[in-house]
Amino acid sequence: MTALLNAGVDTVADRAGAVPFSWTTKIIEDPCGGASREFVLPRLPPRPDGSANGVAASVVENAPDGLHTELVITFQGNSGTAVVLEALHVEMVKRAKPEGVAVERKGDCGGGMTPRSFAVDLDRPRPRVSPVPGESLGSPIPAVDFPFRISDSDPEVFRLTSRTAACDCRWRLVVDWASGGKRGRSVIDAEGEPFRTVGTDALPYYSNDRLRTPHAWSRRR
């Protein structure tokens, strides 16, 4: 399952006709391969709902990601004119100490895609976007760094995973671009708000065994 956050262009620059491309941003909430997903809640819900995912989607709706956030960003030009995406930067908005409890939600599997893969360590003093090898339908994809060229008929899909162990991090991305003799910077965020990833290493961590105890929590640490 993916959550669509925004689809469009940098609104301020677009009103001036300055941004020659658009993008869509999705947060991957349920990874493939039966992997689990972590969310951070202010307190533990009274009981699991016994669903296949352990925790109903409504329980974790709007809850910050625990441990890592996975984004899929699709860039596409607005015309036949090529756009060069020169760099992608991380902008830290706020750091705080994690609070609450972490809960595990079982994953489903979404559709296949062939993205460029990147990773961000939010615990670094100055986090940066680093290319990493990826995989699509069982085939490896080599790590490729910026710049990238896009147009209306030649989009690019990026899969970016941010991680933190001990930070309640609020962050956003900034992309540097050039096209037709113009240069600019556009902010990528969650509908005007920063993305949020909360480290869970020091938090109580709970999961649910749907088969053995479908309506009870098990503390894993």
Side-chain angles (χ1 to χ4, degrees), residues 1-29 31-32 65 68-93 109-122 124 126-163 169-197:
M1 181 176 70
T2 56
L4 181 64
L5 291 180
N6 53 28
V9 296
D10 183 305
T11 54
V12 174
D14 184 52
R15 286 198 293 270
V19 177
F21 64 95
S22 60
W23 64 83
T24 60
T25 306
K26 297 178 182 179
I27 288 183
I28 300 177
E29 295 178 346
C32 289
D65 296 320
H68 69 275
T69 297
E70 290 190 64
L71 298 177
V72 173
I73 310 169
T74 303
F75 292 98
Q76 186 165 16
N78 293 336
S79 68
T81 302
V83 179
V84 177
L85 305 178
E86 297 182 320
L88 189 63
H89 309 284
V90 179
E91 184 177 276
M92 295 299 299
V93 177
C109 191
M113 62 184 70
T114 308
R116 312 288 190 178
S117 296
F118 296 88
V120 177
D121 182 354
L122 295 173
R124 293 173 62 94
R126 299 183 64 181
R128 64 183 300 270
V129 177
S130 302
V132 295
E135 181 180 304
S136 178
L137 301 178
S139 299
I141 301 174
V144 181
D145 205 352
F146 284 82
F148 293 94
R149 180 183 181 276
I150 61 170
S151 68
D152 57 349
S153 61
D154 188 19
E156 283 283 358
V157 179
F158 299 155
R159 182 166 184 151
L160 184 145
T161 301
S162 67
R163 292 182 178 273
C169 293
R170 299 173 192 260
W171 56 280
R172 54 190 171 220
L173 298 168
V174 179
V175 59
D176 295 338
W177 56 267
S179 178
K182 298 180 180 179
R183 310 181 80 89
R185 308 190 86 198
S186 296
V187 174
I188 299 172
D189 56 22
E191 298 181 337
E193 297 295 327
F195 301 113
R196 186 180 178 191
T197 311

Notebook entry, point to check: With a 4.5 Å heavy-atom cut-off, do Pro131 and Val144 have their side chains touching?
Noted result: no

Check: Is the backbone N or O of Asp152 less than 3.5 Å from a side-chain atom of Gln76, with the two atoms forming a donor-acceptor pair by type?
Finding: yes

Check: What's the shortest heavy-atom distance between Ile150 and Glu156, and which atoms?
Finding: CG2-CG, 3.6 Å

Checklist line | Distance in Å, Arg116 CZ paired with Leu85 CG, rounded so as to fall on 0.5 Å steps | finding: 11.0 Å

Note to self: If we check side-chain contact (heavy atoms from CB on, under 4.5 Å) with Ile188, which of these qualifies: Leu160, Val174, Thr25, Leu71?
What the structure shows: Thr25

Notebook entry, point to check: Do Trp177 and Val19 come close enough that some side-chain heavy atom pair is under 4.5 Å?
Noted result: yes

Next item on the list: Taking all heavy atoms of Ser130 and all of Arg128, pick out the closest pair and write down the distance.
Entry: OG-NH1, 3.0 Å

Next item on the list: State whether a side-chain donor-acceptor pair under 3.5 Å links Ser151 with Arg149.
Entry: no

Check: At what distance, to the nearest 0.5 angstrom, does NZ of Lys26 lie from OG1 of Thr74?
Finding: 6.5 Å

Check: Does CD in Glu86 sit with more than 12 non-hydrogen atoms of other residues, nucleotides or ligands closer than 6.0 Å?
Finding: yes

Note to self: Return the CH2 to CE distance between Trp171 and Met92, rounded to the nearest 0.5 Å.
What the structure shows: 9.0 Å

Check: Just wondering, do Ile28 and Arg159 contact through their side chains at under 4.5 Å, heavy atoms?
Finding: yes

Checklist line | Within-4.5 Å side-chain heavy-atom neighbours: Leu173 and Val90 | finding: yes

Checklist line | Flag, side chain of Ser179 to backbone of Ala82, donor-acceptor distance under 3.5 Å | finding: yes

Item checked: side-chain contact (heavy atoms from CB on, under 4.5 Å) partner of Val83, the single match among Phe21, Phe148, Phe75 -> Phe21

Notebook entry, point to check: Heavy-atom distance under 4.5 Å between the side chains of Phe195 and Leu122, does that happen here?
Noted result: no

Margin query: Out of the candidates Val132, Asp145, Thr161, only one should pair with Phe118 under the side-chain contact (heavy atoms from CB on, under 4.5 Å) rule; please name it.
Written below: Asp145

